[in-house]
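Reminder, nothing fancy here: chain letters follow the sequence lines and each chain counts from 1.
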There are 2 protein chains.
Amino acid sequence: MNPRDSRTAVTALLADRGYRLTAPRRQVLDVLVASRTPLSAAEIHRRLENRRINLASVYRTIYVLRRLEAVRVTDAIGAEQRFELADPFSAHHHHLICQDCGRIDDFEGCPLEERVLRAVNRRVRRSRRFRVVQHELRLIGACADCDRGRPDGAERRP
Amino acid sequence: MNPRDSRTAVTALLADRGYRLTAPRRQVLDVLVASRTPLSAAEIHRRLENRRINLASVYRTIYVLRRLEAVRVTDAIGAEQRFELADPFSAHHHHLICQDCGRIDDFEGCPLEERVLRAVNRRVRRSRRFRVVQHELRLIGACADCDRGRPDGAERRP
DNA sequence: GGTAGACTGCAACTCGTTTGCAATATGAAT
DNA sequence: ATTCATATTGCAAACGAGTTGCAGTCTACC
């Protein structure tokens, strides 16, 4: 689904479920649609055109978008939550997460074949009575900027 | 690696890198080795035999164990951080995460074949100059306890 | 345009995590 | 065993992401 369509689809979904289309909601949605990486609430807030919108409203908007399953959470490694458009509204993808700087990038496509996925889902369904709704693959490592002159597993923190 | 060996290996690693083997460290390690699911700092603290150990020491121990790459973080969906033994010290596995109650269970084995993994690693190495160190597959859905009479995408929060 | 009530901004609050500091315990040397 | 330098701890205060109550505002619908 392309950005324009995602936007339309989500606003329609909002109206359909009886939610009002307010300025904060429209703008948060615009920011999410425009970004090709997951964003934290603070980042979304920073990118809003109207800076008088409160951070609390960003959180509240994210909350309703999550209820509508238009947005999902994908955490960084031990950092704040990050949000992105959920699967029907964006192409299925996974994430490259930098261990060092916490940066997250999208990774187009999915190395898990349909066949394998179905087998896994069936297996956990039977053995654990767990119903898989979505899957998320996180490739964790070192991004281009961080992967220089760092032979040891050194980190930033004191 | 079995629990006893993991314990020995990690304590050896601590000594080897010049860290002292103190009561808090030994006990936090014991708790981690004994658990077959990732634990939050508070949960680890609750399970320590000597309850006079401070929560701050649990965090500090986790910090050094992470530096040694003996422990890794795996977040719940929008909840607190959870910690578990890292790959060399525990069998390679992934997680079942319940969308609803946040519960995390281990999922033995890995549906990603060596061949596929290598191809993916090569691909992101070339196209993004990203070096993959580890991967994490999260199967997100509904656990046995939560998957009853919840046709709508309803959640807990108000 | 007028109206009910959904929604926002604000500010105070919660709670997971971090940190400064004085007191304590560890590992190595004696 | 005893001593010693200092790495490590407990405590309490601080920090920061995320949440919430409330009075005022704006949306959707008439």
Report the distance from atom [atom1] of [X] to atom [atom2] of [N], rounded to the nearest whole Å.
X        : N       : atom1 : atom2 : answer
Tyr59(A) : dC7(C)  : OH    : P     : 20 Å
Arg52(B) : dA12(D) : CZ    : P     : 13 Å
Leu39(B) : dT17(C) : CG    : P     : 13 Å
Tyr63(A) : dC7(C)  : OH    : P     : 12 Å

Among [options], find the nucleotide with the atom closest to the side chain of [X].
X        : options                  : value
Ile53(A) : dT17(C), dC7(C), dG9(C)  : dG9(C)
Ala56(A) : dT19(C), dT20(D), dT8(C) : dT20(D)
Thr22(A) : dT9(D), dT8(C), dT17(C)  : dT8(C)
Arg20(A) : dG9(C), dC11(D), dA4(C)  : dA4(C)
Tyr19(A) : dC7(C), dA12(D), dT9(D)  : dC7(C)

Ignoring hydrogens and angles, state whether a donor on the side chain of Asp106(B) or His95(B) is under 3.5 Å from an acceptor on the partner side chain.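 Distance-only check passes for Asp106(B) and His95(B).
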Can you establish whether the number of heavy atoms outside Arg129(A) located under 6.0 Å from its atom CZ is more than 12?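 Counting other residues, nucleotides and ligands, CZ of Arg129(A) stays at 12 neighbours or fewer.
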Under 4.0 Å, counting only non-hydrogen atoms across every strand here, what does Leu55(A) touch: a base, just sugar-phosphate, or nothing?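 Nothing, no nucleic acid heavy atom in range.
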Is any N or O donor-acceptor pair between the side chain of Arg60(A) and the base of dG18(D) shorter than 3.5 Å?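 Checked by distance alone, the answer is no.
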Between Glu114(B) and Arg118(B), does any side-chain N to carboxylate O distance fall below 4.0 Å?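 Arg118(B) and Glu114(B): salt-bridged.
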Rounded to the nearest 0.5 Å, what separation is found between the CG atom of Asn54(B) and the OH atom of Tyr59(B)?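 The distance works out to 11.0 Å.
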